[in-house]
Amino acid sequence: MAWALLFARLVPFSHRLTRTSLCFFSIFFTYVCYCVLFPAESLTQKAADGPTPGCAHLQTKGPRSAQTHPARLHTARNHTPSPPLSSMKFGNKKLPRAIIVGVKKGGTRAVLEFIRIHPDVRAAGTETHFFDRNYDRGLEWYRGLMPRTLDSQITMEKTPSYFVTKETPQRISTMSRDTRLIVVVRDPVTRAISDYTQTLTKTPDLPSFQDLAFRNQTLGIVDTSWNAIRIGLYALHLDNWLRFFPLAQIHFVSGERLITDPAGELARVQDFLGLKRIVTDKHFYFNRTKGFPCLKKPESSGSPRCLGKSKGRTHVQIDRDAIEQLRDFYRPYNVRFYEMVGHDFKWE
C-alpha cells in the first residue's frame with residue numbers, strides 16, 4: 001500500500017488511478033514481493049516435511065493473532081497434557097524363541113542370569129513350568145508371563161524340569177519347531193549330591209543319600225526311581241527330545257566349564273542364539289567364598305551381582321564307596337551321551 005501511495009504522488013492528478021485500480025496494484029505488488037522473499041520451492045519443501053514438532057496446534061482454526069502470538073504459544077505448550085508413564089509400553093509379549101530346558105542343579109540359573117545381560121535378550125525371571133505343570137492354561141496364558149520385547153530381541157525362559165518331562169518336547173514342538181533349546185549338564189554324580197543337599201535344607205529328616213540312591217548298596221543296585229538319580233540319565237532323556245527336534249537346535253552347556261570359564265561358555269551360547277558376543281570375560285569375577293563366578297558391578301548398581309545363597313553351597317559328605325558305585329553305574333550312560341552330542345564332558 002505504501003508503494004501505491006508513492007505512485008499516486010508521482011503521477012499527475014489527472015492521471016491518478018481510481019481507488020479500485022490503486023487497490024489492485026497494491027495487491028499485485030505485494031504478491032510479487034512475497035514470491036521474491038519466499039520462493040515456491042521452500043514453501044513446497046516445508047509442506048512436504050509436515051508440521052514442525054511441538055507446533056501442531058498452529059494447524060487449528062481460530063483468529064490469526066491467537067495462532068501466532070509467542071506468549072500464547074508458550075502457554076499452550078505448557079498446558080498440553082503428557083501421556084501417563086504407565087501407557088508408555090515398548091515392545092510386545094511374545095512366545096519364547098529359546099528355552100533353557102534343563103537340568104536341575106546343573107547351572108541353569110547362572111546361564112539365565114549371565115545371558116540376560118545381553119541387550120538383545122529378555123527373559124522371564126521365574127520358572128513358568130508351563131510345559132510340565134500348566135499346559136492346560138493355554139499359550140496365551142504362557143505368553144502373558146513373558147517380558148515385553150522389541151523385534152530385535154529374543155524372548156527366553158528357563159524351567160529345568162522340562163528336560164526330564166516326557167510330554168515336554170512334543171508340546172514345545174507344537175508351539176514352534178524352530179524353538180532353540182539349551183541344556184546345562186553336569187557330572188551326574190555331583191549333580192545328584194547337589195540335588196540331595198538342596199532337598200536336605202528343606203527337609204532335615206530326609207533319609208541318608210545312600211538309602212535313597214541304592215536299592216541294595218552291597219550289590220551295587222541303584223534306585224533309578226529316585227528323581228536325583230533319574231535326572232542324570234541324560235542319554236535316555238535326550239532320546240525323547242531327538243524325536244521332535246534336530247540335534248542342531250539343542251545346545252549343551254558344561255556346568256563345570258561354566259564355573260571355570262563362564263565367558264567361554266557364554267560365548268558359545270551367544271553364537272548358538274545368533275547374537276553378537278557382548279557378554280565377555282570383562283563381566284565376570286570369581287567369588288572365592290562361593291566358589292562360583294559372579295557378575296561384576298554394573299554401572300547402575302552399587303554392588304556386584306552374585307547368585308543366591310543356594311548357589312555354591314557346600315555339599316554333604318558322601319561315602320567314597322557310594323560315589324564310586326554311582327560312577328560305575330553312570331559310565332555307560334555318559335559314554336552314550338558323549339556319542340550322541342559329539343562331545344566328551346570327561347565326567348570321571
Side-chain angles (χ1 to χ4, degrees), residues 83-185 231 237-238 240-253 265-266 268-276 278-279 295 298 300 305 307-308 310:
L85 292 177
S86 59
S87 66
M88 298 175 65
K89 297 178 180 178
F90 301 97
N92 300 296
K93 292 194 173 188
K94 304 171 188 174
L95 294 172
R97 288 168 51 192
I99 304 176
I100 301 174
V101 297
V103 298
K104 180 183 179 184
K105 305 308 296 178
T108 57
R109 172 55 62 179
V111 172
L112 183 71
E113 293 300 321
F114 295 164
I115 193 60
R116 71 195 307 184
I117 299 173
H118 201 292
D120 292 335
V121 173
R122 296 294 309 282
T126 58
E127 297 175 7
T128 70
H129 286 282
F130 173 67
F131 293 103
D132 58 352
R133 302 178 189 172
N134 298 299
Y135 193 64
D136 59 336
R137 293 176 178 263
L139 284 175
E140 287 309 307
W141 177 85
Y142 184 47
R143 188 198 305 272
L145 301 178
M146 298 299 118
R148 292 185 178 275
T149 53
L150 303 176
D151 291 341
S152 60
Q153 293 176 315
I154 293 177
T155 303
M156 292 183 64
E157 75 118 326
K158 77 103 177 172
T159 302
S161 56
Y162 286 165
F163 189 65
V164 298
T165 304
K166 184 178 180 181
E167 299 81 10
T168 297
Q170 183 175 12
R171 290 172 175 177
I172 294 179
S173 176
T174 299
M175 177 188 72
S176 174
R177 296 180 63 86
D178 296 326
T179 306
R180 291 186 174 273
L181 309 167
I182 297 175
V183 185
V184 189
V185 290
I231 290 174
H237 302 303
L238 183 57
N240 188 34
W241 285 89
L242 294 179
R243 293 171 54 205
F244 301 94
F245 290 95
L247 187 62
Q249 264 177 250
I250 308 175
H251 178 71
F252 298 91
V253 176
E265 284 302 294
L266 264 292
R268 285 180 278 273
V269 171
Q270 290 170 95
D271 292 345
F272 173 69
L273 296 175
L275 299 170
K276 183 179 179 181
I278 291 179
V279 184
L295 296 172
S300 59
R305 195 169 86 207
L307 300 178
S310 64

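Only this structure's heavy atoms are used, side chains among them; waters, hydrogens and symmetry mates stay out.
- Between Leu95 and Leu139 the shortest heavy-atom distance is CD2-O, 3.8 Å.
- No side-chain heavy atom of Val103 sits less than 4.5 Å from a side-chain heavy atom of Thr108.
- Between Lys93 and Gly144, the closest heavy-atom pair is NZ-O, 2.9 Å.
- For Asp136, the CG atom is densely surrounded, since the number of other residues' heavy atoms within 6.0 Å is greater than 12.
- In this structure, the separation between CG on Leu112 and CD1 on Ile100 is 4.5 Å, given to the nearest 0.5 Å.
- For Arg171, there are no salt bridge (charged side-chain N to carboxylate O under 4.0 Å, His left out) partners, not counting sequence neighbours.
- Judged as a side-chain hydrogen bond (donor to acceptor under 3.5 Å, both in side chains), and not counting sequence neighbours, the contacts of Thr128 are Glu157, Tyr162.
- The minimum heavy-atom distance between Val121 and Met156, with the atom names listed, is CG1-SD, 3.7 Å.
- With rounding to the nearest 0.5 Å, the separation of CG in Leu150 from CZ in Phe90 is 9.0 Å.
- Other residues, nucleotides and ligands contribute at most 12 non-hydrogen atoms within 6.0 Å of the CD atom of Gln170.
- When the side-chain hydrogen bond (donor to acceptor under 3.5 Å, both in side chains) test is applied to Arg148, no partner is found at least two apart in sequence or on another chain.
- Checking side-chain atoms of Gln270 against main-chain N and O of Leu266 turns up a donor-acceptor pair under 3.5 Å.
- A search for ring pair (Phe, Tyr, Trp, His ring centres under 6.0 Å) contacts involving Tyr142 returns Phe130, Phe131, not counting sequence neighbours.
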| field | Stepwise side-chain contact (heavy atoms from CB on, under 4.5 Å) check, His237 with Thr165 | value | CA-CA 8 Å; His237 302 303; Thr165 304; over 6 Å; no

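- Nearest approach of Leu238 to Phe163, heavy atoms of both residues: N-CZ, 4.0 Å.
- In this structure, the separation between CG on Asp120 and CD1 on Ile278 is 6.0 Å, given to the nearest 0.5 Å.
- In this structure, CD1 in Ile115 is found 6.0 Å from CG in Leu275, a value given to the nearest 0.5 Å.
- Applying the salt bridge (Lys or Arg N to Asp or Glu O under 4.0 Å) definition to pairs two or more places apart or across chains, those involving residues 122-133 are Glu127-Lys158.
- Note that the NE2 atom of His129 and the CG atom of Asn134 stand 8.5 Å from one another [nearest 0.5 Å].
- Between the side chain of His118 and the main chain of Lys276, a donor-acceptor pair closer than 3.5 Å is present.
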| said: Assess the residue pair Ile250 and Leu242 against the criterion (side-chain contact (heavy atoms from CB on, under 4.5 Å)); give the C-alpha distance rounded to whole Å, side-chain angles, the decisive distance to 0.1 Å, and a yes or no. | reply: CA-CA 9 Å; Ile250 308 175; Leu242 294 179; 4.1 Å; yes

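- Across every non-hydrogen atom of Pro160 and Lys104, the tightest pair is CB-N, 3.5 Å.
- In this structure, Ile99 CD1 and Thr179 OG1 are separated by 5.5 Å, a value rounded to the nearest 0.5 Å.
- Residues satisfying the salt bridge (charged side-chain N to carboxylate O under 4.0 Å, His left out) criterion with Asp271, sequence neighbours excluded, are Arg277.
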| message | Pair Val101, Ile172 - check side-chain contact (heavy atoms from CB on, under 4.5 Å), show working. | response | CA-CA 10 Å; Val101 297; Ile172 294 179; 4.3 Å; yes

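- With sequence neighbours excluded, the residues satisfying side-chain hydrogen bond (donor to acceptor under 3.5 Å, both in side chains) with Ser173 are Arg177.
- For Gln153, the side-chain hydrogen bond (donor to acceptor under 3.5 Å, both in side chains) test picks out no residue, with sequence neighbours left out.
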| request: Begin from the C-alpha positions of Val185 and Val253 and carry the test side-chain contact (heavy atoms from CB on, under 4.5 Å) through to its verdict. | output: CA-CA 6 Å; Val185 290; Val253 176; over 6 Å; no

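- A search for salt bridge (charged side-chain N to carboxylate O under 4.0 Å, His left out) contacts involving Asp178 returns nothing, not counting sequence neighbours.
- Here the closest heavy-atom approach between residue Gly106 and residue Val184 is recorded as O-CG1, 3.3 Å.
- In this structure Asn240 satisfies the side chain to side chain contact (heavy atoms under 4.5 Å, CB included) test together with Lys166, Pro169, Arg243, Phe244, sequence neighbours excluded.
- In this structure, Ile154 and Thr149 have side chains that are not in contact, with every pair of non-hydrogen atoms separated by 4.5 Å or more.
- Residues satisfying the ring pair (Phe, Tyr, Trp, His ring centres under 6.0 Å) criterion with His251, sequence neighbours excluded, are Phe272.
- Judged as a salt bridge (Lys or Arg N to Asp or Glu O under 4.0 Å), the pairs with a partner in residues 138-147 (not counting sequence neighbours) are, in order, Glu140-Arg143.
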